[in-house]
Enquirer: 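Let me begin by handing over the structure; questions about it come next.
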Amino acid sequence: MSRVTAPLLSFSASGQIGKTQVYAKWKGLPYVRQYVIPAQPPSAERDKTQNTFKFLQGVYQVSPQEFRAPWETSASGRPLTGRNLWTKRNLALLREEVDLDLLIMSPGAKGGLPATFVITSPSTDIVATPVVPDTLPPGWTIVDSIAVAIKAQNPQSGTDYDMVVSGAATGPDWVATIDDPGAGNWLVGAWLVYQRSTSLVDLAYGPSGVQPTTI
């Protein structure tokens, strides 16, 4: 890289000339270098990654806090954010897919126990009914049941980022209901929220993939 003075008989220059030289600035100093063809031209594989990344970022940006809580808790104390973890876990799963069937809705956090949910849509609502674990760790209690739904779509081209979350669930059945999300094909993730001690903020979250349902 060579420094230049009054490049091209002017006071400044930028860009490439005849695909032979490139004029630019670095830390305020003008320089010129040889023009080279980019080593990695656009490709279908790169497009898959970029499209899926854009979709995942769009979803997280408009997602409700109930959805974000397991991701933020799981990322706590690690060199990444909840958004980073959400993108990292799902990008590899979805970049080759044309649907969201492999989507991870909750990564689980703080040792939260998994629970099986039965997803139904008996009318205009989506209902997530859990099979509550028979035994909890000592001192643990269930404090909520969360269900989140997103429209079925292609992560390569989807733009309907909105998620719909259930209202607060109560025991002993902990059935989570998403009220009237609208007609269409949905993918639903559901998990239990546990309180691990007497502290109201000492929470654990169960893991969850997604299940399809149609209204």
Side-chain angles (χ1 to χ4, degrees), residues 48-74 82-83 85-109 112-133 142-171 173-194 203 205-215:
K48 289 179 183 178
T49 298
Q50 291 177 341
N51 292 340
T52 308
F53 180 88
K54 178 182 177 181
F55 175 78
L56 292 170
Q57 292 289 296
V59 170
Y60 200 91
Q61 183 173 347
V62 301
S63 61
Q65 181 57 35
E66 292 90 341
F67 163 80
R68 295 186 182 193
W71 295 99
E72 293 174 351
T73 302
S74 184
R83 182 197 294 259
L85 184 59
W86 151 259
T87 303
K88 178 181 179 181
R89 290 287 302 274
N90 283 295
L91 182 60
L93 296 174
L94 298 181
R95 68 177 300 277
E96 298 287 347
E97 304 300 318
V98 295
D99 55 47
L100 301 180
D101 292 354
L102 299 180
L103 187 69
I104 296 174
M105 276 287 201
S106 169
L113 303 179
T116 300
F117 281 78
V118 177
I119 307 298
T120 57
S121 47
S123 56
T124 60
D125 301 334
I126 296 174
V127 179
T129 304
V131 178
V132 178
I142 298 172
V143 293
D144 206 351
S145 177
I146 303 296
V148 180
I150 186 171
K151 279 288 184 70
Q153 56 199 295
N154 186 340
Q156 292 294 312
S157 57
T159 57
D160 193 349
Y161 304 142
D162 287 338
M163 286 181 161
V164 186
V165 68
S166 61
T170 58
D173 295 330
W174 299 106
V175 176
T177 302
I178 301 174
D179 296 323
D180 195 14
N185 297 317
W186 295 88
L187 290 166
V188 183
W191 57 91
L192 294 176
V193 182
Y194 306 87
L203 301 178
Y205 302 87
S208 175
V210 291
Q211 300 182 52
T213 192
T214 300
I215 295 179

Enquirer: Whether the side chain of Asp144 engages the backbone of Ala169 through a donor-acceptor N/O pair (distance < 3.5 Å, no angle test) should be reported.
Expert: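 Side chain of Asp144 to backbone of Ala169, a donor-acceptor pair under 3.5 Å: yes, one is there.
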Enquirer: When rounded to the nearest 0.5 angstrom, what distance separates CD in Glu96 from CD in Gln156?
Expert: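 Reported to 0.5 Å precision, the distance equals 8.0 Å.
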Enquirer: Quick one, Ser208 and Ile104 - any side-chain contact, counting heavy atoms below 4.5 Å?
Expert: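 Contact flag for Ser208/Ile104 side chains = no.
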Enquirer: If you take all heavy atoms of Ala149 and Val188, which pair is closest and at what distance?
Expert: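 Closest approach of Ala149 to Val188, heavy atoms only: CB-CG2, 4.0 Å.
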Enquirer: Look up atom NZ in Lys48 and atom CG in Leu94, then write down how far apart they are to the nearest 0.5 Å.
Expert: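 If I round to the nearest 0.5 Å, the distance is 13.0 Å.
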Enquirer: To the nearest 0.5 Å, what is the distance between CD (Gln211) and OG1 (Thr116)?
Expert: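 Gln211 atom CD to Thr116 atom OG1 measures 8.5 Å (nearest 0.5 Å).
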Enquirer: At what distance, to the nearest 0.5 angstrom, does CD1 of Ile146 lie from CD1 of Ile178?
Expert: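 Spacing of CD1 (Ile146) from CD1 (Ile178) equals 10.0 Å.
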Enquirer: Assess whether side-chain hydrogen bond (donor to acceptor under 3.5 Å, both in side chains) is satisfied between Thr49 and Arg95, documenting all intermediate values.
Expert: CA-CA 6 Å; Thr49 298; Arg95 68 177 300 277; 3.0 Å; yes
Enquirer: Between Tyr161 (side chain only) and Phe55 (backbone N and O only), is there a donor and an acceptor less than 3.5 Å apart?
Expert: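 Not confirmed, Tyr161 side chain does not pair with Phe55 backbone.
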Enquirer: Quick one: does Ser157's side chain get under 4.5 Å of Asn51's, heavy atoms only?
Expert: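 Of all side-chain heavy-atom pairs linking Asn51 with Ser157, none is under 4.5 Å.
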Enquirer: Do side-chain atoms of Asp180 reach the backbone of Asp125 as a donor and acceptor pair under 3.5 angstrom?
Expert: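 No.
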Enquirer: In the structure I gave you, are the side-chain heavy atoms of Tyr194 and Leu203 within less than 4.5 Å of one another anywhere?
Expert: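 Of all side-chain heavy-atom pairs linking Leu203 with Tyr194, none is under 4.5 Å.
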Enquirer: Considering all heavy atoms of both residues, which atom of Ser63 and which atom of Met163 are nearest to each other, and what is their separation?
Expert: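 Here Ser63 and Met163 meet closest at CB-SD, 3.9 Å.
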Enquirer: With a 3.5 Å distance limit and no angle check, can you tell me whether Thr73 reaches the backbone of Ala109 through a side-chain donor-acceptor pair?
Expert: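 Checking the backbone N and O of Ala109 against the side chain of Thr73, no donor-acceptor pair under 3.5 Å is found.
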Enquirer: Working note: Trp86 + Leu56, criterion side-chain contact (heavy atoms from CB on, under 4.5 Å); need CA distance, chi angles, decisive distance, verdict.
Expert: CA-CA 8 Å; Trp86 151 259; Leu56 292 170; 3.6 Å; yes
Enquirer: For the ring pair Trp71 and Tyr205, is the centre-to-centre distance below 6.0 Å?
Expert: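 Here the rings of Tyr205 and Trp71 have centres that are no less than 6.0 Å from each other.
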Enquirer: Are Leu102 and Glu97 packed together at the side-chain level, in the sense that at least one heavy-atom pair is separated by less than 4.5 angstrom?
Expert: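 When only atoms from C-beta onward are counted, Glu97 and Leu102 do touch, with a gap below 4.5 Å.
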Enquirer: Less than 4.5 Å apart, any side-chain heavy atom of Trp191 and any of Pro207?
Expert: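 No. Closest side-chain heavy atoms not under 4.5 Å.
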Enquirer: Taking all non-hydrogen atoms of both residues into account, name the closest pair between Phe53 and Thr87 and its distance.
Expert: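 Between these two residues, the closest heavy atoms are CD1-CG2, 3.6 Å.
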Enquirer: Do any N or O atoms from the side chain of Ser166 and from the backbone of Thr177 form a donor-acceptor pair under 3.5 angstrom?
Expert: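 Such a contact is absent between Ser166 side chain and Thr177 backbone.
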Enquirer: What distance separates Ser106 OG from Glu66 CD, expressed to the nearest 0.5 Å?
Expert: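 So the OG of Ser106 and the CD of Glu66 are separated by 13.0 Å.
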Enquirer: Taking Val175's backbone N and O only, do any of them form a donor-acceptor pair with Asp173's side chain (distance below 3.5 Å, no angle check)?
Expert: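 Not at all, since once roles are kept as given, no pair shorter than 3.5 Å links the two residues.
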Enquirer: Do Leu113 and Leu192 have side chains that get closer than 4.5 Å, going by heavy atoms?
Expert: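 SC-SC contact between Leu113 and Leu192 ruled out.
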Enquirer: Please step through side-chain contact (heavy atoms from CB on, under 4.5 Å) for the pair Leu91 and Leu93, ending with a clear verdict.
Expert: CA-CA 5 Å; Leu91 182 60; Leu93 296 174; over 6 Å; no
Enquirer: Using side-chain contact (heavy atoms from CB on, under 4.5 Å), reason through Ser145 and Phe117 one step at a time and then give a plain yes or no.
Expert: CA-CA 10 Å; Ser145 177; Phe117 281 78; 3.4 Å; yes
Enquirer: Quick check: does any side chain N or O of Gln153 sit under 3.5 Å from a backbone N or O of Leu100, one acting as donor and the other as acceptor?
Expert: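 Checked: no pair found.
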Enquirer: Thr120 versus Thr213: any side-chain heavy-atom pair under 4.5 Å?
Expert: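 No, side chains not in contact.
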Enquirer: For the side chain of Arg83 and the backbone of Tyr60, is there at least one donor-acceptor N/O pair under 3.5 Å apart?
Expert: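 Looks like no, no N/O pair under 3.5 Å.
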Enquirer: Would you check if Met105 and Ile150 make a side-chain contact, meaning some heavy-atom pair closer than 4.5 Å?
Expert: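 A side-chain contact under 4.5 Å exists here.
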Enquirer: Calculate, to the nearest 0.5 Å, the distance between atoms OG1 and CD1 belonging to Thr129 and Ile119 respectively.
Expert: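 Result: 7.5 Å between the selected atoms.
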Enquirer: Please lay out, stage by stage, how Glu72 and Gln65 fare under the test side-chain hydrogen bond (donor to acceptor under 3.5 Å, both in side chains).
Expert: CA-CA 10 Å; Glu72 293 174 351; Gln65 181 57 35; 3.1 Å; yes
Enquirer: Would Thr214 and Trp186 count as a side-chain contact (heavy atoms from CB on, under 4.5 Å) if you check the C-alpha gap in whole Å, the side-chain angles of each, and the deciding distance to 0.1 Å?
Expert: CA-CA 6 Å; Thr214 300; Trp186 295 88; over 6 Å; no
Enquirer: Using only atom types and a distance under 3.5 Å, with no angle test, would you say the side chain of Asn90 pairs donor to acceptor with the backbone of Leu103?
Expert: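 Checking the backbone N and O of Leu103 against the side chain of Asn90, no donor-acceptor pair under 3.5 Å is found.
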